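First up is the structure itself, then whatever we jot down about it.
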Amino acid sequence: MSNSYSVNYFNDRYPNKNPFRDNTREYDSSSIEARQLTSLIHHSSTDDQISQLWIAYRPHFDYIHAAAALNVLSFVSSNPVKRDLIHSIAMFALNEIDRFRPHELVSLLSPFAKLRIEPARHFIEAVCDRAYKTIRNFAPDNLSKFSSHLSYIRLGFTSEILERISHRAIECMDKFNSLDINQLLTAFEKLNFRPSTHFLHSISDHLIRIQAKVSAKDLCSIANSFANMNIIPRQDLLEAMYSSAIAKLETFSPKGLCMFLRMYAVLEIRPAAALINGLSDKALKTINSFDPQAISILCWTFAKMQIPVNSLLLNSIINVTIQKIDDFKPQHLANLIWAFAKLEIDPTDACISSICNKALISIDQCNSQDIANIMWALANIQKKPSKEFIKAISSFFCDHITKFSPQEAINIFWAFATLEVELSHRWIESISTYSMHRMHHFSDRELSNLLWSFAKLKITPTKDLVDHLSRESAKKLSSFTNQGVCMLLGSFAKLRITPSEALFLEFEKYLEHNIRNMDSIHICNFAHSLASLFLIPKKGLVDQLCQEVLTNLSSLQQQSLSNVLWSFTVLKPSNIQRLHEALKIQLRTYNASYFEKDHKSANQLILYAAFYDQEDLIPSWWKLSYTENHIKDSALEHDVYNVLKQLFDEADLSKEHEIRFHLYHHCLDIALPHKRIAIEIDGPSHFTINDYQALAKTQLRNELIRKAGWSLILVPFWVWDKLTTFSEKKSYLKAKLQEHVDFKK
């Protein structure tokens, strides 16, 4: 077949289509067949033609033919026949690898890099070894192209060749143009190779010298490489890049604009206002040409730097997003809505609906991070998606749960809890099992958010899960933030679960070491959670809590103050008298209308005043009476009452009998008024669920009933439920009452 083509025919017909005519090396007469072959390969239309060409020309091949043919094959589309041909020529080239020069080594790698074909390991090792030996002959363009090809092959070779390349680059840095620098830095970034400080100084000096000649495209790509390698450019280089960006702003492409701005966000460098304004104006003018990736990167960058997006640009972004939503990939959707949430932007319902609908359609292409970011963002902007969307997300999570990182899994649970989504038994079982298996990898935030989510949704976690969480939290509590500690302890309180003794001791230690670093809200929340579970820390800590409240009294909001005062009725600090004196002044500065609207806060203050006999604390113009909430006619109460009727005349019994102690009013479940005997029947809401310890509200009620001069009989549900016959119940009540009543009469 080769005889049907002549060199003259090729030169006459394709005078401008030989990709090697402008090569830096002049080919000698022996390269004519290589040029002919490579052109024939380039213009062959069938696999059979390509195969026949290789068979016909193989006897005449040498290293020049191999390099030329491989270079041409990098420009043709990949298919199995051409892949086999590339491997065959590459293996042939190894026989003469010691004769290859730099640009021919680049040609050897070209098809593997451009067509994403994986070469044999011994081939790439031989090529790198040859490059290592001839590195001093590499020109800047060869260095950058060779490195770029290596970055696409990624066979896990050693960093020695990259070290040699960087050393050679330093030697000939003054000959580099911006494209060479761009390709070299991009290759280092993709290969996870961190160049030396010497190299970075050399390239910085050169970039500053040639900054006027750096194209907008190369400038943006170089900035992107610095970002991806997490290398902060020298201050003088940053200033040069800034000046160059301002000068070339009009030539920035949408992608380039985003890449340049992204460098500042990733490296946490605050850009000058002029640059932000310039880039924003440029984005506004060209927003219709932004593709989904550029839109998402732009918004992500502003969010990462916490720079507000001006209203005109924001409205344009929202409109273009809706128009181009069909072209968005899951990652673009996730980054965009994450940015909205981070910037506390409430986009239009139409925009959120478009994003959710597209995410639902493309959920099979989503990864775990996409799902987690979308749900986290929806929760933060308080946009509850459709039931269909929630169902799809839940199924995806349960089906792919092993692919989720702890942060992703807990963020989704937190989002569901924040949006108060009703979760299936399967989902709760999945997150519980996942958490127990992966909890040793949980951060402080994930541990506290896990329990908070259960508490928010009013779902009781299993005992095994609580035990796991308690152990891990006890190990890591010293590294928690104040917010995390308060969330964790508050979640135990809300779930009515007593933490383990080891964890409680860690809570005590944390408070002792960090109380002076806590703000007033955290102090109040910490105290309220301890009191709710009737967990009493050592007296010195309680007094210190009281002192901190006293110090910050003027900054406390009404709700925080009422919560902490209620807590002190349980914790009983010894220095409470000093707080009484300060309260007489502080309470008079609060707004009466607040307490009239929030009866819980008012009742807590009244309870505090009643407990400490400090009725004069309450300003006369908002005095209210506190009445304990009472669930009427519960089945448990009705059952106890029926048994008591066998022991006493019904006339002697009183249901919902009201007693008073100062401003505190309470309706007793059952009373024997003439004997001043109070009988309280306590259901599950009065106890912790794991060890049936009476909650603080119950303990406090009991104490105030006794302060009012009544004898108190308690009937806990978990004891009563074990009594199976009427006779057993009667005997139980008789035994409880016999020290107060003479049944013989």
Side-chain angles (χ1 to χ4, degrees), residues 372 376 379-380 404-418 431-432 434-457 459 461-538 540-542 544-545 547-549 552 560 563-564 567 571 688 690:
W376 180 89
N380 273 275
F404 283 79
S405 70
Q407 182 182 23
E408 292 162 352
I410 300 306
N411 276 356
I412 291 176
F413 193 19
W414 175 88
F416 282 153
T418 301
I431 192 67
S432 298
Y434 174 92
S435 297
M436 283 192 288
H437 289 162
R438 302 286 296 276
M439 198 171 288
H440 56 288
H441 295 300
F442 280 21
S443 68
D444 58 333
R445 184 171 184 176
E446 286 143 18
L447 288 167
S448 58
N449 280 352
L450 172 65
L451 197 63
W452 180 90
S453 299
F454 275 107
K456 178 71 174 176
L457 292 171
I459 298 171
T462 63
K463 182 181 182 301
D464 284 345
L465 179 58
V466 172
D467 290 344
H468 274 73
L469 188 140
S470 295
R471 282 195 296 271
E472 288 300 321
S473 297
K475 292 177 189 175
K476 301 174 181 177
L477 202 68
S478 60
S479 65
F480 274 45
T481 63
N482 293 335
Q483 175 71 10
V485 170
C486 289
M487 281 183 63
L488 184 66
L489 183 56
S491 299
F492 274 109
K494 194 166 185 177
L495 288 166
R496 296 186 288 112
I497 297 174
T498 304
S500 66
E501 184 178 354
L503 182 54
F504 173 64
L505 291 175
E506 291 302 318
F507 278 129
E508 269 195 329
K509 289 180 186 176
Y510 187 92
L511 182 61
E512 189 171 14
H513 294 151
N514 297 280
I515 190 167
R516 295 195 180 280
N517 298 322
M518 287 184 174
D519 62 29
S520 55
I521 293 177
H522 291 142
I523 289 171
C524 293
N525 289 344
F526 202 102
H528 190 263
S529 298
L530 285 173
S532 296
L533 291 169
F534 212 75
L535 297 172
I536 312 299
K538 51 190 175 184
L541 281 177
V542 174
Q544 199 169 353
L545 276 171
Q547 180 58 46
E548 290 297 321
V549 169
N552 297 282
S560 294
N563 281 342
V564 78
S567 305
L571 300 177
T688 56
N690 57 329

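Here the structure is a predicted model, which is why all the values come from computation and not from measurement.
- Between the CG atom in N514 and the CZ atom in F480 there is a gap of 12.5 Å [rounded to 0.5 Å].
- Checked by atom type and distance alone, the side chain of K494 never pairs as donor or acceptor with a backbone atom of F454 at under 3.5 Å.
- What you find for C524 and S560 is that their closest heavy atoms are SG-O, 3.7 Å.
- Other residues, nucleotides and ligands contribute only 12 or fewer heavy atoms inside 6.0 Å of the CZ atom of R445.
- Distance alone, capped at 3.5 Å, places no donor-acceptor pair between the K475 side chain and the H440 backbone.
- Nearest heavy atom pair, residue A409 against residue Y434, reads CB-CE2, 3.6 Å.
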Open item on the list: Go through it in stages, so that I can follow the logic: the residues are L530 and S567, the test is side-chain contact (heavy atoms from CB on, under 4.5 Å), and I'd like the CA-CA distance, side-chain angles, deciding distance and then a yes or no.
Closed with: CA-CA 8 Å; L530 285 173; S567 305; over 6 Å; no
- [ ] Walk me through it: do L450 and F413 pass the test side-chain contact (heavy atoms from CB on, under 4.5 Å)?
- [x] CA-CA 7 Å; L450 172 65; F413 193 19; 3.8 Å; yes
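- For the residue pair I412 and A372, the shortest heavy atom distance occurs at CG1-CA, 3.7 Å.
- Rounding to the nearest 0.5 Å gives a distance of 9.0 Å between CD of E506 and OG of S500.
- Judged by distance alone, with hydrogens and angles left aside, the side-chain atoms of S448 form no donor-acceptor pair with the main-chain N or O of L488 at under 3.5 Å.
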TODO: Just do the side-chain contact (heavy atoms from CB on, under 4.5 Å) check on N482 and D519 with the steps written out, would you?
DONE: CA-CA 9 Å; N482 293 335; D519 62 29; over 6 Å; no
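- Partners of T498 under the side chain to side chain contact (heavy atoms under 4.5 Å, CB included) rule, at least two apart in sequence or in another chain, are L535, T688, N690, D691.
- The CD1 atom of I459 sits 11.0 Å away from the CD1 atom of I431 when rounded to the nearest 0.5 Å.
- Atom CG of residue L477 and atom NE2 of residue H513 lie 11.5 Å apart, to the nearest 0.5 angstrom.
- Looking at residues two or more places apart in sequence or on another chain, you find a side chain to side chain donor-acceptor pair (under 3.5 Å) between E548 and R516.
- Proximity of E512 to K538: side-chain heavy atoms (C-beta onward) are separated by under 4.5 Å at one or more points.
- Under the rule for a ring-ring contact (aromatic ring centres under 6.0 Å, His included), F534 has no partner lying at least two apart in sequence or in another chain.
- A 4.5 Å side-chain heavy-atom check between V542 and P537 finds at least one atom pair inside the cut-off.
- Note that CZ of R496 is 10.5 Å distant from CG of L533, once rounded to the nearest 0.5 Å.
- Sorted pairs that involve residues 485-512 and meet ring pair (Phe, Tyr, Trp, His ring centres under 6.0 Å), not counting sequence neighbours, are lacking altogether.
- Smallest separation of non-hydrogen atoms from L451 and L495: CD1-CD1, 3.6 Å.
- Under the 4.5 Å side-chain criterion, counting only non-hydrogen atoms from C-beta, I410 is not in contact with F404.
- Sorted pairs that involve residues 523-533 and meet side-chain hydrogen bond (donor to acceptor under 3.5 Å, both in side chains), not counting sequence neighbours, are lacking altogether.
- In this structure, M518 and L511 have side chains that are in contact, with non-hydrogen atoms separated by less than 4.5 Å.
- Residue Q407 places its CD atom among 12 or fewer non-hydrogen atoms of other residues, nucleotides or ligands, all under 6.0 Å distant.
- Between T418 atom OG1 and K456 atom NZ the span is 7.0 Å, to the nearest 0.5 Å.
- Side-chain atoms of Q483 and H522 form a donor-acceptor pair, as typed in the model, at a separation below 3.5 Å.
- Across all non-hydrogen atoms, the minimal contact from L571 to A527 is CD1-O, 4.0 Å.
- In terms of heavy atoms, H441 sits closest to E446 at O-OE1, 4.0 Å.
- A search for salt bridge (Lys or Arg N to Asp or Glu O under 4.0 Å) contacts involving D467 returns K463, not counting sequence neighbours.
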